[in-house]
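The structure under discussion appears below in the form of C-alpha cells.
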Amino acid sequence: MTKVYVMSTCPDCFEVKARLSDNPNFEIIDIGEHVRNLKAFIRLRDTSPAFDSVKANGSIGIPCFVAEDGRISFDTEEFIPNGYSSGASCSLDGKGC
C-alpha cells in the first residue's frame with residue numbers, strides 16, 4: 001500500500017485526497033489531522049535525502065507518496081494519471097499554501 005502524506009488546506013493535496021480516498025491501494029495520511037501524523041511526516045522529511053531538493057526550493061514536500069518499497073515521490077501524475085490538475089505549490093516562501 002502506498003502512503004500519501006497530504007494536508008487538507010493544500011490545494012494540490014485536496015485533489016489528491018479526493019481522487020485517492022476510495023482507493024484501497026493508498027493510505028491517505030493528513031498531517032493536519034493529528035500531531036502523530038505530522039511527527040511521522042517531519043521524521044520522514046528530516047531523514048530522507050529525497051526531500052533535499054524540495055527543502056532547497058522552500059517547499060514543504062506534500063503531497064508525498066511513499067511506495068511499498070520505500071521509494072519517495074512527489075510526482076502526482078505518476079500516481080494519479082489521466083488529467084490530474086495541480087493547484088498552487090505548497091512552499092514556505094509565500095508563493096503557495
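In this text, all values refer to a predicted model and were calculated from it rather than measured experimentally. Below, each value reflects all heavy atoms present in this structure, side chains not excepted, and no hydrogens, waters or symmetry copies. Just so you know, residue 1 is the first one in the sequence shown, and it goes up from there.
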Pairwise distance CD1(I62) to OH(Y5) - rounded to 0.5 angstrom: 12.0 Å
By side-chain contact (heavy atoms from CB on, under 4.5 Å) - contacts of D52 (at least two apart): P49, K55
Working for side chain to side chain contact (heavy atoms under 4.5 Å, CB included), residues T76 and D12: CA-CA 9 Å; T76 304; D12 288 335; 5.8 Å; no
Heavy-atom donor-acceptor pair, N57 side chain to S53 backbone, under 3.5 Å: yes
Closest non-hydrogen atom pair, P63 against C13: N-SG, 3.6 Å
Minimal non-hydrogen separation, L38 against I31, with atom names: CB-O, 3.5 Å
More than 12 heavy atoms of other groups within 6.0 Å of R36 CZ: no
S73 to D75 - nearest heavy-atom pair and separation: OG-N, 3.1 Å
Shortest non-hydrogen contact from C64 toward F41: CB-CE1, 4.2 Å
Ring-ring centroid check F74 F51, cutoff 6.0 Å: yes
Intermediate values then yes/no, side chain to side chain contact (heavy atoms under 4.5 Å, CB included), I80 and F26: CA-CA 11 Å; I80 305 176; F26 294 91; over 6 Å; no
Over all atoms of both residues, closest heavy-atom pair of M1 and P24: CE-O, 3.5 Å
From OG1 (T2) to CD (E68), nearest 0.5 Å: 6.0 Å
Inter-residue atom distance S48.OG - I72.CD1, 0.5 Å rounding: 3.0 Å
Sequence-distant partners of S8, side-chain contact (heavy atoms from CB on, under 4.5 Å), two or more places apart: K17, D30
Rounded distance [0.5 Å steps], CG in L44 versus NZ in K3: 9.0 Å
Test log, rule side chain to side chain contact (heavy atoms under 4.5 Å, CB included), inputs I29 and V6: CA-CA 6 Å; I29 303 167; V6 299; over 6 Å; no
